[in-house]
Peer 1: 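This is the structure I have questions about; it appears just below.
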Amino acid sequence: QIMGYYSLKPFCATPQNFQHLADAGLTMVTVETGDPDYREQLQYAHQAGMRAVPIIGWCAGRYADNPDSYTGLDDLIAELKSYPATCAYHVYDEPDVSKIPRLKLIREKIESLDADNPVYINLNPDASESALGVYYYRDYIEAFARDCGVRFISFDMYPIYPDGTYMKDWHKCLTCVSEVTRQYGIPFWAFAATCCINLEQGNPVRARPTVENLRLQVYTDLAYGAQVVQYFTIQQYGGTDFAPMMATGQWSEAYDIMKEATLQVQKRGFAFDGCSIKQTGFKGTAPSWGNNYGDWDLPEAVSSLATSGTAMVSLLENKGNEYLAVVNQSFTSKITAEVGFASMAYTIEQDGSFTGHNPGSESFTIDAGDLMLIKVK
């Protein structure tokens, strides 16, 4: 599933523009209930074949950390759940752990009104103790799974720097979230940047999206087990630039980049949809947070694996099948992968087709930010 986070502003929220998002491969969008046309937006999303997450946390000044201020919540949830597009309720963005008691009350209240659609609380990436309320990031994630009782974990992080590197804690965050959600038996949602973020006096602090760096973000999220990847942002607003839709309402080149990367990813998305992660590791130089692949065994169908550059490697299971995902961690250069096949296996190509491989050694090229996916069982 691919969701557009902060989707379309009211003057741009037309049926045609919602369909344009669906044509780019998006399956979900957010809708702000503070917008005067939120009802129409929910209808347009449904007409385009997408689900919607209403953002209700700051609707009409009602904040989720103060349940007493939720005047009319019963009526609001009753209305929102009547729309077939509604699939979750976004109530808070980036809380620290001190907010958990209040957020738990809100979650319980909303779930008493609608047991089918979960409450969405978006969490911080790894940050200072003051931002999290605890020292260790894993403790922060676990507190929301254990004490708040959320039905899935979402966290945001936009890792690609303008100089062509990525944030050193990106894999640390993904590792912690992946491990905690597996422990608690709940899914997680991750993010990828589809815009240029320029929060410091107009200077970019994150890179402009490219097909290569966007698919790197998405494939890495999926390889850790993310079940929804959220694109931030769809329409430009303060602090962002080069978004798929600009503030003027015009579609930009970033839309074409988003569409190309998304439709590529979805050709092989069936392997990740509903999967469970068995192991993750790295070939080549592991990031500051991550184990090399040698710490665990390859699946029986693969006798050896070597790469010319750093690759994240994930073994996942889905509907009785097993897949080995090898994600090139460079979004600027190709790498090669030397694979020894011990028995018949299949690579799943960019277009979703299967290519069979008999026992023996073969060499593969993995494009920048791209994925090699092998069906091993």
Peer 1: Can N318 and N321 be counted as having a side-chain donor-acceptor contact under 3.5 angstrom?
Peer 2: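 Side-chain D/A pair, N318 to N321: absent.
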
Peer 1: When Ile, Leu, Val, Met, Phe, Trp and Tyr are grouped by side-chain heavy atoms lying under 4.5 Å apart, directly or through other members, which residues fall in the same group as F11?
Peer 2: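 So far as hydrophobic clustering goes, F11 is joined with none.
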
Peer 1: R107: what forms a salt bridge (Lys or Arg N to Asp or Glu O under 4.0 Å) with it, not counting sequence neighbours?
Peer 2: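 Per chain and number, R107 pairs via salt bridge (Lys or Arg N to Asp or Glu O under 4.0 Å) with E111.
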
Peer 1: Mind checking what makes side-chain hydrogen bond (donor to acceptor under 3.5 Å, both in side chains) contact with Q47, not counting sequence neighbours?
Peer 2: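 For Q47, no residue satisfies side-chain hydrogen bond (donor to acceptor under 3.5 Å, both in side chains) once neighbours in sequence are set aside.
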
Peer 1: Checking Q1 now: which residues fulfil side-chain contact (heavy atoms from CB on, under 4.5 Å) with it, not counting sequence neighbours?
Peer 2: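 Partners of Q1 by the side-chain contact (heavy atoms from CB on, under 4.5 Å) criterion, ordered by chain and then number, come out as T27, M28, V228.
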
Peer 1: With sequence neighbours left out, what residues match K168 under salt bridge (Lys or Arg N to Asp or Glu O under 4.0 Å)?
Peer 2: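 Per chain and number, K168 pairs via salt bridge (Lys or Arg N to Asp or Glu O under 4.0 Å) with no residue.
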
Peer 1: Taking distance alone, no hydrogens or angles, what donor-acceptor pairs closer than 3.5 Å link side-chain atoms of residues 369-377 to residues at least two apart or in another chain?
Peer 2:
{"from": "D370", "atom 1": "OD1", "to": "R268", "atom 2": "NH2", "distance (Å)": "3.2"}
{"from": "D370", "atom 1": "OD2", "to": "Q350", "atom 2": "NE2", "distance (Å)": "2.7"}
{"from": "K375", "atom 1": "NZ", "to": "K377", "atom 2": "O", "distance (Å)": "3.3"}

Peer 1: Just jot down the side-chain contact (heavy atoms from CB on, under 4.5 Å) partners of S361, sequence neighbours excluded, or say none.
Peer 2: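 side-chain contact (heavy atoms from CB on, under 4.5 Å) list for S361, sorted by chain: empty.
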
Peer 1: Go through the structure and list residues passing salt bridge (Lys or Arg N to Asp or Glu O under 4.0 Å) with E79, not counting sequence neighbours.
Peer 2: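 Counting only residues at least two positions away or on another chain, E79 forms a salt bridge (Lys or Arg N to Asp or Glu O under 4.0 Å) with R39.
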
Peer 1: Taking the hydrophobic residues Ile, Leu, Val, Met, Phe, Trp and Tyr, and joining any pair whose side-chain heavy atoms are under 4.5 Å apart, which ones share a cluster with Y136?
Peer 2: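 Same cluster as Y136: Y135.
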
Peer 1: One thing to verify: whether D126 and K172 come together as a salt bridge, which I'm taking to mean a side-chain N less than 4.0 angstrom from a carboxylate O.
Peer 2: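 Judged by the 4.0 Å cut-off on N to carboxylate O distance, K172 and D126 do form a salt bridge.
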
Peer 1: State, without any angle test, whether D96 and S98 hold a side-chain donor-acceptor pair at a distance under 3.5 Å.
Peer 2: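 The criterion, which ignores hydrogens and geometry beyond distance, is satisfied for S98 and D96.
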
Peer 1: Who pairs with F341 by ring pair (Phe, Tyr, Trp, His ring centres under 6.0 Å), at least two apart in sequence or on another chain?
Peer 2: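 By the ring pair (Phe, Tyr, Trp, His ring centres under 6.0 Å) rule, F341 matches H357.
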
Peer 1: Mind checking what makes salt bridge (Lys or Arg N to Asp or Glu O under 4.0 Å) contact with R182, not counting sequence neighbours?
Peer 2: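 Expected list: none.
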
Peer 1: Is it the case that more than 12 heavy atoms not belonging to Y346 sit under 6.0 Å from its OH atom?
Peer 2: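 Counting neighbours around OH of Y346, 12 or fewer heavy atoms of other residues, nucleotides or ligands fall under 6.0 Å, so no.
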
Peer 1: Which residue pairs pass the ring pair (Phe, Tyr, Trp, His ring centres under 6.0 Å) test when at least one of the two sits in residues 226-249, sequence neighbours left out?
Peer 2: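 As it turns out, the ring pair (Phe, Tyr, Trp, His ring centres under 6.0 Å) pairs with a partner in residues 226-249, which skip direct neighbours, are Y6-Y237, Y158-F232.
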
